[in-house]
Amino acid sequence: MKTDGRKIIHVDMDCFYAAIEQRDNPELRGKPIAVGGSDKRRGVIATASYEARKYGIKSALATKFAKKKCPKLIIVPPRFSAYKEVSKTIREVFYKYTDLVEPLSLDEAYLDVTENKLDMTSAILVARRIKEDILKEAELTASAGVSYNKFLAKVASDYNKPDGLTAILPQKALAFMQDLPVESFFGIGQATARKMHRLRIKNGRDLRAFSKLELATHFGRNGQFLYNICRGIDERPVNPDRVRKSISEERTFSEDLILEKDIVEQLLKQADHVSELMKKHNIKGKTTNIKIRFKNFETLTRSHTLGFYTNKAEHIRIEVEKLYRAIENTREVRLIGVGMSSLDTELDGSQLELDLKPS
Ligand code: DCP
Ligand code: MG
């Protein structure tokens, strides 16, 4: 099989927010806990400890419902600054081994260790060392997956959680995917999985029985990707800290915003922050972007490009408000992002992000 000889690691922290809360408060250890919003204020669970997962408590569940499933469940409010701090620590660990690090979120990243700073030939050994370093530096466990591409490394890290280390060698890749349920394929969401079930596709073996054309017919643009991944082919490179070409501010609220007035007010506040930051660094942009995440984690993005560069708050405010009004939203909002792109500094690849604190 063609593997282009890469060595990719995917690292994902174990029940990230909850593990940090248990680390920092010994009274929570060994108990079913969940980080999230209060049931009294119609909050949702961000994540749950392994003790709580036994009761079926998981991300995005309404806290009220979670308490019904597990009456002893302890709800802990999130402390985003602590999570960011840990995220920084683990990234520093990654950079000890390679600069080819592509963070996917606060708690997970891809690393290309084909060549690495310690000249280690075994990627499995690198992964073990990374896990040890994380345990030492952050007192937390991570799960790692090792393989020759991103897709398989990601599947592998999820295979044996928590504190797992799974390698999928090239000669084992197809066998590994044969019986892997489509739900465990990264990139296959719930809706696609349901569609697959209707087509009697339950696992990698079933998927491989479909031709490229058939997959394209049923799954559109995703068809080619599906055709490749079930054959163990994924040539996407690890993108080290992509030079992002935007300035943005994102906020997750500890309680969802319900009133339109509050949502718009928050959007305008963030527009002001983005404008301030742009002015401070003498940057202007043409495209305004907003991102709205609803209570159920569905996320919408909208953008509009002006015919001129600006960093004026009054311009960004108008754009942001127009973009939001056009959505005609009636749902509760848990996250808002406001940003500017198409920057006049794009040629030198400037990138800035506000350091966020939750409101
Ligand atoms: N998160 C969230 N809402 C979600 C999913 C996740 O707020 N719907 C947050 C809380 C998680 C963190 O992101 O702790 C990392 O997400 P993961 O999907 O990696 O979940 P965990 O790390 O909590 O658990 P696992 O051990 O399964 O990776
Ligand atoms: Mg995780």
Side-chain angles (χ1 to χ4, degrees), residues 9-25 28 32-38 42-63 65-66 73-91 93-94 102-111 127 130-131 134-135 138-145 153-166 183-190 250-256 291-299 332-337 356 358-359:
I9 300 177
H10 178 258
V11 181
D12 187 323
M13 301 297 289
D14 301 320
C15 40
F16 190 51
Y17 295 0
I20 294 172
E21 297 306 331
Q22 288 184 320
R23 177 194 71 178
D24 294 348
N25 181 355
L28 299 176
I33 74 151
V35 176
S38 146
R42 300 192 294 149
V44 285
I45 303 297
T47 195
S49 67
Y50 279 89
E51 295 84 357
R53 288 184 192 199
K54 285 192 213 130
Y55 296 85
I57 311 301
K58 55 183 185 184
S59 302
L61 210 64
T63 304
F65 185 58
L73 187 69
I74 302 169
I75 307 293
V76 184
R79 291 182 300 138
F80 293 104
S81 55
Y83 313 149
K84 289 212 150 200
E85 191 60 43
V86 174
S87 187
K88 224 169 94 191
T89 307
I90 64 172
R91 281 189 199 166
V93 168
F94 301 153
E102 180 181 335
L104 292 178
S105 67
L106 287 186
D107 91 319
E108 62 179 304
Y110 290 114
L111 287 74
I130 288 173
K131 278 164 53 72
I134 290 176
L135 188 62
E139 294 173 62
L140 293 166
T141 63
S143 294
K154 172 116 182 161
V155 169
S157 74
D158 202 40
Y159 188 70
N160 191 19
K161 264 181 166 290
D163 204 12
L165 172 51
T166 304
E183 289 77 12
S184 306
F185 276 59
F186 177 64
I188 298 185
Q190 276 177 10
E250 246 180 53
R251 276 173 188 251
T252 302
F253 310 106
S254 39
E255 304 291 343
D256 297 339
K291 173 161 149 189
I292 307 287
R293 178 165 296 151
F294 301 105
K295 196 185 171 77
N296 65 353
F297 287 88
E298 204 184 305
T299 308
E332 293 167 34
V333 169
R334 76 174 254 125
L335 172 148
I336 291 180
L356 303 181
S359 316

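Remember, it's 1-based here, ligands and their atoms both numbered in the order they're listed. None of these values were measured; they are calculated from a predicted model.
- Using 4.0 Å as the threshold, Glu21 has no heavy atom nearer than that to any atom of ligand 1.
- Using a 4.5 Å heavy-atom threshold, the side chains of Leu106 and Phe80 count as separate.
- In the vicinity of Arg334, heavy-atom distances shorter than 4.0 Å reach the ligand 1 atoms 7 (O).
- Annotation for ligand 1: atoms under 4.0 Å from non-hydrogen atoms of Ser59 are 4 (C), 5 (C), 8 (N).
- Ligand 1 lies less than 4.0 angstrom from a heavy atom belonging to Tyr50.
- Judged purely by atom type and a 3.5 angstrom limit, Ser49 uses its side chain to pair as donor or acceptor with the backbone of Ile33.
- Judged by distance alone, with hydrogens and angles left aside, the side-chain atoms of Lys291 form no donor-acceptor pair with the main-chain N or O of Thr299 at under 3.5 Å.
- For the residue pair Asn160 and Thr166, no side-chain donor N or O sits within less than 3.5 Å of a side-chain acceptor on the partner.
- Polar contact check, Arg53 against ligand 1: a nitrogen or oxygen pair lies under 3.5 Å apart.
- Residue-to-ligand polar distances place Thr47 within reach of ligand 1: an N/O pair is separated by less than 3.5 Å.
- Closest to the Mg ion (ligand 2) among the N, O or S atoms of Asp12 is OD1.
- A donor and an acceptor atom, one from each side chain of Thr47 and Arg53, are located under 3.5 Å apart.
- With atom 6 (C) of ligand 1 as the reference point, the heavy atom nearest to it among Ser143, Ala142, Ala46, Ser157 is part of Ala46.
- For atom 18 (O) of ligand 1, the nearest protein heavy atom is 4.0 Å or more away.
- Geometrically, ligand 1 and Ala18 share no nitrogen or oxygen pair separated by less than 3.5 Å.
- For the pair Met13 and Ile134, the minimum side-chain heavy-atom distance is below 4.5 Å.
- Residue contacts with ligand 1 for Met13 involve N, CA, C or O but no side-chain atom from C-beta outward (heavy atoms, distance under 4.0 Å).
- Between Lys154 and Asp12 there is no salt bridge, since no side-chain N of the basic residue sits under 4.0 Å from a carboxylate O of the acidic one.
- The ligand atoms of ligand 1 that sit less than 4.0 angstrom from a heavy atom of Phe297 are 3 (N), 4 (C), 8 (N).
- Distance check for Met13 against the Mg ion (ligand 2): an N/O/S atom falls below 2.8 Å.
- Distances from ligand 1 to the non-hydrogen atoms of Pro162 include no value under 4.0 Å.
- Counting backbone and side-chain atoms alike, Asp14 contributes no N/O/S atom closer than 2.8 Å to the Mg ion (ligand 2).
- Checking only distances, Phe16 does come within under 3.5 Å of ligand 1, N or O to N or O.
- Atom OD2 is the N, O or S atom of Asp107 at the shortest distance from the Mg ion (ligand 2).
- When the heavy-atom distances from atom 15 (C) of ligand 1 to Leu335, Asp107, Thr141 are ranked, the shortest goes to Asp107.
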